[in-house]
Amino acid sequence: MTTPFWDDSLLPQPAPAMPVSPHGDEYLLRSERAQWERRAAVAADAASELTEAYDLLSAPIEANHFGDCVEGDRFFEGMVSAFSMLADQCRNHATRASLLGKQCRDAGAQIEGVDRQGAANLAT
């Protein structure tokens with residue numbers, strides 16, 4: 001896995017400072033953008049690995065090594081069909097994981113925006 005957040009040292013951008021409540025420093029509004037970024041990174045990792053699996057599974061199998069007979073031919077055809085179906089599932093899941101990563105980033109940005117708006121309302 002290549003998720004860059006296992007030790008919190010490689011955040012894609014620093015989390016912005018959140019406003020302080022008029023009631024003092026102990027009342028900070030806090031955004032969960034960093035958590036959503038972590039979720040997005042995990043989804044991106046999953047998409048990358050599933051795409052790699054798709055590439056490996058969809059590579060053409062060029063020869064039947066199971067014998068030049070009815071059983072060997074049918075086993076080879078069944079194996080090629082199974083690999084093809086598995087490759088398609090990997091591709092579909094990779095697409096869904098990529099979409100999930102985008103949704104996580106969007107959710108983090110929206111929540112952060114609402115937090116900032118709430119903080120501005122508290123300050124006034």
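The structure displayed is predicted, hence computed values, not measured ones.
- Contacts classified as salt bridge (charged side-chain N to carboxylate O under 4.0 Å, His left out) and involving residues 100-110 (residues at least two apart or in different chains) are given here: K102-D106.
- Legend: residues meeting side-chain contact (heavy atoms from CB on, under 4.5 Å) with A94, ordered by chain and number and at least two apart, are L50, T51.
- Other members of a hydrophobic cluster containing L100 are absent, since no ILVMFWY side chain comes under 4.5 Å of it, directly or through relayed contacts.
- Within a 6.0 Å sphere centred on CD of Q103, other residues, nucleotides and ligands contribute more than 12 heavy atoms.
- To the nearest 0.5 Å, the span separating CD on E112 from CG on D115 amounts to 7.5 Å.
- For the atom pair R38 CZ and C104 SG, the distance stands at 13.0 Å (nearest 0.5 Å).
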Contacts table for residues 68-90: side-chain donor-acceptor under 3.5 angstrom, sequence neighbours left out:
residue: D73; atom: OD1; partner: N64; partner atom: ND2; Å: 3.0
residue: D88; atom: OD1; partner: R91; partner atom: NH2; Å: 3.2

